[in-house]
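Read through the structure below, which is laid out as structure tokens, and then see the notes.
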Amino acid sequence: MSIKSEDIQENGVRKQIPFLLNTVTISDTEQNTSQLMQRSTNELIVMLRLVRQKRTDFYNYLRVLNKAKGDFQEHAELTGKDYEFWTRKAWVLENILRDRTGSFPERITDDYLAGLAARADKINRKSMRIRTKNRTKS
């Protein structure tokens with residue numbers, strides 16, 4: 001097994017893993033499953049939020065088109081297919097997250113993402129040193 005040089009840590013300093021919210025776009029979510037599996041867990045959480053919003057948008061469009069009826073039937077069918085696409089994409093992302101962490105977030109709010117970013121920052125600052133002073137010998 002080989003370790004990449006950027007993964008080797010010295011002097012108790014942790015590898016910095018930033019939690020960036022602005023690096024993911026909705027177009028990133030259109031990757032296939034194996035490409036999505038290569039993305040970080042943090043990126044997948046942000047993607048899931050974007051996909052769920054897109055799915056909600058298409059659901060609302062579909063509701064309006066179904067109420068209107070008449071000449072809008074063709075648009076309703078296309079919107080229904082888009083809704084199904086985004087629903088399936090959400091399931092893919094949820095399953096990848098579930099495989100990695102054992103669960104996936106039910107709701108992804110601004111506060112939830114801010115909390116993840118704060119925890120990532122706190123962990124990045126924490127050193128990996130064992131204190132040898134003040135240790136009692138048994």
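The figures that follow rest on heavy atoms only: side chains count, while hydrogens, waters and symmetry mates do not. Here the structure is a predicted model, which means the values were calculated and not measured.
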Whether the side chain of Asp121 engages the backbone of Ala117 through a donor-acceptor N/O pair (distance < 3.5 Å, no angle test) should be reported. no

Rounded to the nearest 0.5 angstrom, the CG-CD1 distance for Leu48 and Ile108 is 4.0 Å

Might you confirm whether atom CZ of Phe85 has over 12 heavy atoms from other residues, nucleotides or ligands at distances under 6.0 Å? yes

Sequence neighbours excluded, which residues qualify as side-chain hydrogen bond (donor to acceptor under 3.5 Å, both in side chains) partners of [X]?
| X | result |
| --- | --- |
| Glu77 | none |
| Asp57 | Gln53 |
| Arg100 | Thr41 |
| Thr87 | Arg55 |

Pairs involving residues 22-40, ordered by first then second residue, that meet salt bridge (charged side-chain N to carboxylate O under 4.0 Å, His left out) (sequence neighbours left out): Asp28-Arg39, Arg39-Glu43

Salt bridge (charged side-chain N to carboxylate O under 4.0 Å, His left out) pairs touching residues 85-96, sequence neighbours excluded, are Arg52-Glu94, Glu84-Arg88

[X]: what forms a side chain to side chain contact (heavy atoms under 4.5 Å, CB included) with it, not counting sequence neighbours?
| X | value |
| --- | --- |
| Arg119 | Leu116 |
| Asn32 | Ser34, Gln35 |
| Leu65 | Phe72, His75, Ala76, Thr79 |

Test ring-ring contact (aromatic ring centres under 6.0 Å, His included) applied to Tyr61 - qualifying residues, sequence neighbours left out: Phe58

What residues form a ring-ring contact (aromatic ring centres under 6.0 Å, His included) with Tyr112, not counting sequence neighbours? none

The criterion is salt bridge (Lys or Arg N to Asp or Glu O under 4.0 Å); which residues satisfy it with Arg49, sequence neighbours excluded? Asp110

